[in-house]
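Report on the structure given below.
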Amino acid sequence: MAPSPRVRWDRVGRLALLFVLALLLYLYIGPLSSLATTWHASKERQTRVAELEEVQARLRARRDELRDPRALEREARELGMVRPGERSYVVEGLPGAGER
């Protein structure tokens, strides 16, 4: 009769330890990659927020400028608007008229 194979507990222990270490490594890599992705997206969003704040500042300055009735009238006249009772004239063919 052949001797029964003996279990080599030192090998089983090593394999179990290797499996546990691999599992721990896997559990750390997932959140770290998620953290890196989130950090990158955060940087992009911070850049976008800075751009939008700059646009907002320009728009607020423009709003404040247009609160003056003279500036508002100037803008309206540039768009071709006239006051009631005024006549509007369009002059064409002047030299340098296309340079605006």
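As a basis for the values below, the full set of heavy atoms in this structure was taken, side chains included, without hydrogen atoms, waters or symmetry mates.
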- Leu21 side chain reached by Leu25 side chain, heavy atoms, under 4.5 Å: no
- Say you draw a straight line from CD of Glu53 to CD of Glu51; how long is it, rounded to the nearest 0.5 Å? 11.0 Å
- Looking at side-chain heavy atoms only, is the closest gap between Glu44 and Thr47 below 4.5 Å? no
- Item | Nearest-0.5 Å distance, CD of residue Glu65 to CZ of residue Arg74 | 6.0 Å
- Query: Can you check whether Ser33's main-chain N or O pairs, donor with acceptor, with Thr37's side chain at less than 3.5 Å?
  - Reply: yes
- Query: Between Leu72 and Leu66, what is the shortest heavy-atom contact and its length?
  - Reply: CB-O, 4.0 Å
- Note on the structure: d(Leu18 CG, Leu23 CG) to nearest 0.5 Å is 11.5 Å
- Under a 4.5 Å cut-off applied to non-hydrogen side-chain atoms, are Leu52 and Arg48 in contact? yes
- Note on the structure: Nearest heavy-atom approach of Val82 to Ser88 is CG1-CB, 3.7 Å
- Message: If we ignore hydrogens and angles and just use 3.5 Å, is the side chain of Thr38 paired with the main-chain N or O of Ser34 as donor and acceptor?
- Response: yes
- Query: Out of curiosity, Glu78 CD to Glu73 CD, how far, rounded to the nearest 0.5 Å?
  - Reply: 11.5 Å
- Within a reach of under 6.0 Å around CZ of Arg63, are more than 12 heavy atoms found that belong to other residues, nucleotides or ligands? yes
- How many angstroms lie between CZ in Arg62 and CG in Leu59, if you round to the nearest 0.5 Å? 9.5 Å
